[in-house]
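When a ligand or atom number is given, it counts from 1 through the structure's own listing order. Small disclaimer: the values here were computed from a predicted structure and weren't measured.
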Amino acid sequence: MEVFEKADTVSKFIDKLKAEGKKIGFVPTMGALHRGHLSLIEAARKDNDIVVASIFVNPTQFNNPNDLKNYPRNLDRDLKLLEDNNCDLVFTPSVLEIYPDENSKKSEYHFGKIVEVMEGKFRPGHFDGVANVVSRLFKIIKPDNAYFGQKDFQQYILIKTLADKYLSDLHIQVHRCPIIREKDGLAMSSRNVLLNPEQRKSSALIAKTLFWAKDNYQKYTVDELKKQIADKINADKNLKIEYIEFVSDPELDEISNWDSEQKIVACIAVQVGDVRLIDNIYLSLS
Ligand code: AMP
């Protein structure tokens, strides 16, 4: 497995592989890897000749400085995991490599409604940071395929829009992979290691409540279901719901009744002590 820290070196290396006709699959990550990330590597492995991962904790997408400071990092462990999972190449740039000056930190994209709801509403500036870093990484790696998790559903919609609307000349196919969960249902997340044992136990209630909602949503109105979900989550003293929204896939339209012909996704954000977790589930696929 090759490891690169410099953008121009990795770009040249990949350009050569592409000139040889190799198909490049790309999995951007912020490290602290878990089985969710490895499922994306596996998906990339199936469709491509060369699998490229990046590990970069992107400071511009953190709206909370403590979240950035506490974000788990373990490069040696991550590199070993990637090597053991048949990744061919890893890009591990420094912050200066991605953002050589202040100007490079500004996003030039406009996404409208898709960045105004849910994560966009509660994490101001977050999606500008995501769009900017993914655009920079896409321009460096120039993959044929890129893989993202449904765990970050709104982020996937943003990146699909970025690739199709703003970076169409790069011809990148953006793929979405299912949420990988722990045995008790908790969606895998790098932040889960920050939970203490009691918080970790309580956090299983997030997925449990979403599974319950999927099985029962038609018994309630939209507002009643939101209240039911919030009450169930907030009944645990370690959990505090930040939002629960029902939106359409891929438009992110707010759903006001279940008669909608659209695919409906229930999206949730929950504060567990200092750790903020998100999850989602399809209520309806029609
Ligand atoms: P992150 O390192 O958190 O930025 O995540 C990198 C990629 O892994 C993103 O596309 C995430 O959506 C994806 N990912 C994170 N957690 C999971 C999970 N539990 N299942 C599937 N994909 C995930």
Side-chain angles (χ1 to χ4, degrees), residues 25-46 51-64 67-68 70-75 77-79 81-82 85 87 90-93 95 98 118-119 123 126-138 141 143 145-163 172-195 200 203-204 206-207 210-211 249-250 265 267-270 275-282:
F26 180 40
V27 179
T29 82
M30 296 207 298
L33 301 181
H34 50 66
R35 278 198 290 114
H37 298 112
L38 298 178
S39 73
L40 306 185
I41 298 283
E42 197 181 319
R45 186 76 277 167
K46 288 199 182 114
V51 176
V52 180
S54 64
I55 299 177
F56 179 63
V57 181
N58 175 34
T60 67
Q61 73 185 69
F62 285 80
N63 54 310
N64 174 345
D67 189 23
L68 174 60
N70 296 332
Y71 200 81
R73 294 159 212 246
N74 192 339
L75 186 59
R77 177 182 169 276
D78 287 346
L79 291 178
L81 273 173
L82 289 171
N85 284 273
C87 184
V90 191
F91 180 43
T92 60
V95 173
I98 296 294
M118 303 190 296
E119 293 302 281
R123 300 186 68 188
H126 169 66
F127 283 131
D128 284 337
V130 171
N132 193 15
V133 77
V134 172
S135 155
R136 286 175 171 272
L137 291 169
F138 276 3
I141 306 294
N145 296 294
Y147 298 81
F148 293 85
Q150 170 71 10
K151 159 79 175 18
D152 299 279
F153 163 58
Q154 193 175 2
Q155 171 177 279
Y156 163 79
I157 301 290
L158 174 96
I159 288 163
K160 177 96 181 98
T161 309
L162 173 75
I172 301 172
Q173 292 296 321
V174 177
H175 302 261
R176 152 160 58 177
C177 301
I179 302 176
I180 305 296
R181 298 180 177 281
E182 301 284 358
K183 266 209 194 88
D184 63 4
L186 177 65
M188 290 199 171
S189 161
S190 302
R191 290 185 176 87
N192 291 353
V193 300
L194 301 172
L195 301 168
R200 170 64 190 80
S203 300
I206 302 167
L210 291 183
F211 298 149
D249 175 8
V265 189
C267 300
I268 195 167
V270 177
V275 182
R276 185 177 179 279
L277 300 178
I278 59 169
D279 198 352
N280 67 81
I281 199 164
Y282 281 95

Margin query: Please work out, at 4.0 Å between heavy atoms, whether the side chain, the backbone, both, or neither of Pro28 comes within that distance of ligand 1.
Written below: backbone

Check: Looking only at N/O atoms, are Ile180 and ligand 1 under 3.5 Å apart anywhere?
Finding: yes

Notebook entry, point to check: Would you call Val130 and Asn58 a side-chain contact if the rule is heavy atoms closer than 4.5 Å?
Noted result: no

Note to self: If we count only N and O atoms by modelled type, under 3.5 Å, do the side chains of Asn85 and Glu42 hold a donor and an acceptor together?
What the structure shows: no

Check: Which atoms of ligand 1 are found less than 4.0 Å from any heavy atom of Leu40?
Finding: 7 (C), 8 (O), 10 (O), 13 (C)

Next item on the list: For atom 1 (P) of ligand 1, state which one of Gln155, His37, Glu182, Gln61 supplies the nearest heavy atom.
Entry: His37

Margin query: Counting only nitrogen or oxygen atoms and a 3.5 angstrom limit, does Met188 reach ligand 1?
Written below: yes

Notebook entry, point to check: Considering only heavy atoms from C-beta outward, does the side chain of Ile157 approach that of Asp249 to under 4.5 Å?
Noted result: yes

Margin query: Is any side-chain heavy atom of Ser54 closer than 4.5 Å to one of Ile141?
Written below: no

Check: When only distance counts, is Ser39 in polar contact with ligand 1, meaning an N/O pair under 3.5 Å?
Finding: no

Check: With side chains defined as the heavy atoms from C-beta onward, is the minimum distance between Phe26 and Ile172 less than 4.5 Å?
Finding: no

Checklist line | atom 3 (O) of ligand 1 [closest protein heavy-atom partner, distance rounded to 0.1 Å] | finding: Tyr71 OH, 3.8 Å

Note to self: Any atom of ligand 1 sitting under 4.0 Å from a heavy atom of His34?
What the structure shows: yes

Item checked: Beyond-backbone contact of Leu82 with Ile55, side-chain heavy atoms, under 4.5 angstrom -> yes

Next item on the list: Check the angle between the aromatic planes of Tyr147 and His175 and answer parallel, tilted or perpendicular using the 30° and 60° thresholds.
Entry: parallel

Next item on the list: Using distance alone, determine whether Met30 and ligand 1 share an N or O pair under 3.5 Å.
Entry: yes

Checklist line | Proximal ligand 1 atoms for Thr29, defined as those under 4.0 Å from one of its heavy atoms | finding: 2 (O), 6 (C)

Margin query: For a side-chain contact (heavy atoms from CB on, under 4.5 Å) check, start with the C-alpha distance between Val95 and Phe56, then their side-chain angles and the critical distance, and finish with the verdict.
Written below: CA-CA 8 Å; Val95 173; Phe56 179 63; 4.1 Å; yes

Margin query: Among all the protein's non-hydrogen atoms, which is closest to atom 23 (C) of ligand 1, and how far away is it?
Written below: Lys151 CB, 3.9 Å

Check: Considering only heavy atoms from C-beta outward, does the side chain of Met30 approach that of Val133 to under 4.5 Å?
Finding: no

Next item on the list: Among all protein heavy atoms, pick out the one at the shortest distance from atom 10 (O) of ligand 1; state its residue, atom name and that distance to 0.1 Å.
Entry: Gly149 N, 2.9 Å

Next item on the list: Mark up the atoms of ligand 1 that fall under 4.0 Å of a heavy atom belonging to Pro178, in ascending order.
Entry: 20 (N), 21 (C)

Checklist line | Close-contact set for ligand 1 against Asp152 heavy atoms, below 4.0 Å | finding: 11 (C), 12 (O)

